[in-house]
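Working notes for the structure below.
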Amino acid sequence: MSDNGLEQIRLLLFDADGVLTTGQIVYSSGGDESKSFDVRDGFGIRMLKEAGLMTGIITGRHSEALERRAGELKIDFCRFGARDKKALLEGILEQAGCSSQQTAFIGDDLIDIGIMKSVGVGIAVADAHEAVRQHACIVTSRPGGRGAVREVCERILKARGLWEDILRSWVQSDFPDSLA
């Protein structure tokens with residue numbers, strides 16, 4: 001399987017709804033919003049960070065649940081309420097100290113196409129809109145909110161030659177401080 005440029009990736013950016021979540025938004029009768037996140041995706045992000053890579057969320061919506069999850073995962077860059085995701089890319093790259101070619105973005109809907117085409121590796125989740133999949137360098141086998149981010153994290157670690165060290169560190173670990 002080709003790594004499609006993943007060996008160069010130092011920064012993984014992703015959308016939230018439809019990528020970190022299934023895209024469903026649930027409102028309680030009191031108006032509170034809830035979302036569910038796949039713990040495997042969180043653990044994939046943690047492995048990337050342990051390997052020295054950076055992560056970021058660029059999403060069109062803002063929610064307290066997402067803000068909390070991003071904090072738990074120590075996401076490096078969070079941009080909520082983004083109308084033009086591509087416009088935010090330059091500032092993030094400058095802060096991160098890396099180029100667009102060293103960046104990957106995972107998306108699922110039409111708003112993500114512009115930024116996907118502006119980074120080194122544009123990635124669509126398996127259940128992304130057809131037009132998004134057509135513009136992607138990689139399409140995951142897993143759908144959004146159900147392990148797609150973890151799949152990408154592992155592929156990046158393997159392409160960069162870091163997977164065996166990460167795997168070894170967890171096999172030799174007595175008890176991790178926190179999973180994801």
Side-chain angles (χ1 to χ4, degrees), residues 1-25 33 35 37-38 41-42 44-45 48-49 53-67 69-71 73-157 159-160:
M1 181 182 301
S2 170
D3 59 29
N4 291 302
L6 292 176
E7 73 281 353
Q8 297 179 55
I9 300 305
R10 293 180 46 217
L11 171 62
L12 176 62
L13 301 172
F14 34 85
D15 181 29
D17 295 320
V19 174
L20 276 181
T21 74
T22 61
Q24 296 177 334
I25 300 169
E33 180 180 314
K35 300 175 186 255
F37 301 92
D38 191 318
D41 289 339
I45 292 167
L48 274 188
K49 297 192 63 58
L53 282 77
M54 295 170 284
T55 57
I57 296 171
I58 303 177
T59 182
R61 298 188 80 248
H62 180 270
S63 76
E64 289 180 24
L66 178 59
E67 193 169 339
R69 187 65 173 148
L73 296 173
K74 298 177 177 50
I75 302 292
D76 299 289
F77 306 98
C78 296
R79 303 296 187 269
F80 303 116
R83 289 182 162 265
D84 184 353
K85 295 180 181 188
K86 182 180 171 185
L88 297 173
L89 181 61
E90 187 175 325
I92 291 173
L93 294 178
E94 188 175 314
Q95 285 184 306
C98 63
S99 71
S100 61
Q101 290 302 307
Q102 296 171 312
T103 305
F105 181 85
I106 310 172
D108 72 308
D109 214 339
L110 301 178
I111 192 172
D112 300 321
I113 293 173
I115 192 169
M116 286 174 57
K117 292 173 64 174
S118 299
V119 297
V121 183
I123 303 166
V125 296
D127 57 339
H129 188 280
E130 180 181 341
V132 178
R133 292 192 315 265
Q134 289 174 353
H135 286 281
C137 298
I138 296 170
V139 177
T140 65
S141 64
R142 307 283 305 170
R146 294 200 170 100
V149 173
R150 170 70 172 267
E151 179 183 329
V152 171
C153 291
E154 287 189 17
R155 284 185 68 173
I156 291 170
L157 291 167
R160 292 187 51 113

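Position 1 is the first residue of the sequence, and the numbers go up from there.
Atom CD of Glu7 sits in a crowded spot, with more than 12 heavy atoms from other residues, nucleotides or ligands closer than 6.0 Å. For Gln95, the CD atom counts as densely surrounded, since its 6.0 Å shell holds more than 12 non-hydrogen atoms of other residues, nucleotides or ligands.
Of all heavy-atom pairs between Gly120 and Cys137, the closest is O-SG, 4.3 Å. Here the closest non-hydrogen pair linking Pro143 and Ala148 is O-CB, 3.4 Å. Closest non-hydrogen pair, Leu66 versus Ala16, comes out as CD2-CB, 3.5 Å. Of all heavy-atom pairs spanning Leu11 and Ala96, the tightest one is CD2-CB, 4.2 Å. Among all heavy-atom pairs drawn from Gly18 and Asp108, the shortest one is CA-OD2, 3.5 Å. Closest non-hydrogen pair, Ala82 versus Leu88, comes out as CB-CD1, 3.4 Å.
Within the 3.5 Å criterion, the main-chain N or O of Lys74 finds a donor-acceptor partner in the side chain of Lys49. A donor-acceptor pair under 3.5 Å is formed between the side chain of Arg10 and the backbone N or O of Gly97. Counting only distance, with no hydrogens or angles, the side chain of Gln102 and the backbone of Ser99 share a donor-acceptor pair below 3.5 Å. When atom types are taken as modelled, the side chain of Thr140 and the backbone of Ala126 share a donor-acceptor pair closer than 3.5 angstrom. Although no hydrogens or angles enter the test, the distance criterion places no donor-acceptor pair under 3.5 Å between the side chain of Asp76 and the main chain of Gly56. When atom types are taken as modelled, the side chain of Glu33 and the backbone of Ala65 share no donor-acceptor pair closer than 3.5 angstrom.
For the pair Phe14 and Asp41, the minimum side-chain heavy-atom distance is 4.5 Å or more. Between Ser141 and Glu151, the closest side-chain pair of non-hydrogen atoms falls below 4.5 Å. Taking 4.5 Å as the limit, every side-chain heavy atom of Asp112 sits out of range of all side-chain heavy atoms of Val125. Side chains of Val149 and Leu20 form a contact here, defined as non-hydrogen atoms less than 4.5 Å apart. Residues Phe105 and Ile123 form no side-chain contact, since every pair of their non-hydrogen atoms from C-beta on lies 4.5 Å or further apart. Contact check for Val152 versus Leu12: side-chain heavy atoms found under the 4.5 Å cut-off.
Taking SG from Cys98 and CG from Leu93, the interatomic distance works out to 5.5 Å, rounded to the nearest 0.5 Å. We find the CD1-CE distance between Ile9 and Met54 to be 10.5 Å, quoted to the nearest 0.5 Å. In this structure, CZ in Phe77 is found 12.5 Å from CD1 in Ile57, a value given to the nearest 0.5 Å. Distance check, rounded to the nearest 0.5 Å: CD1 of Ile106 to CD1 of Ile115 gives 11.5 Å. Remark: Thr103 OG1 to Gln101 CD distance equals 8.5 Å, nearest 0.5 Å. Rounding to the nearest 0.5 Å places CD1 of Ile45 at 5.0 Å from CG of Leu73.
Results of the side chain to side chain contact (heavy atoms under 4.5 Å, CB included) test with Lys85 over Ile113, Leu13, Ile111 single out Ile111 as the only residue that passes.
For Arg150, the salt bridge (charged side-chain N to carboxylate O under 4.0 Å, His left out) partners are Glu154, not counting sequence neighbours.
The stretch residues 121-149 participates, sequence neighbours left out, in no salt bridge (charged side-chain N to carboxylate O under 4.0 Å, His left out) pair at all.
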Next on the checklist: As a quick check of understanding, evaluate side-chain contact (heavy atoms from CB on, under 4.5 Å) for Leu48 and Ile156, giving each step before the final call.
Outcome noted: CA-CA 8 Å; Leu48 274 188; Ile156 291 170; 4.0 Å; yes

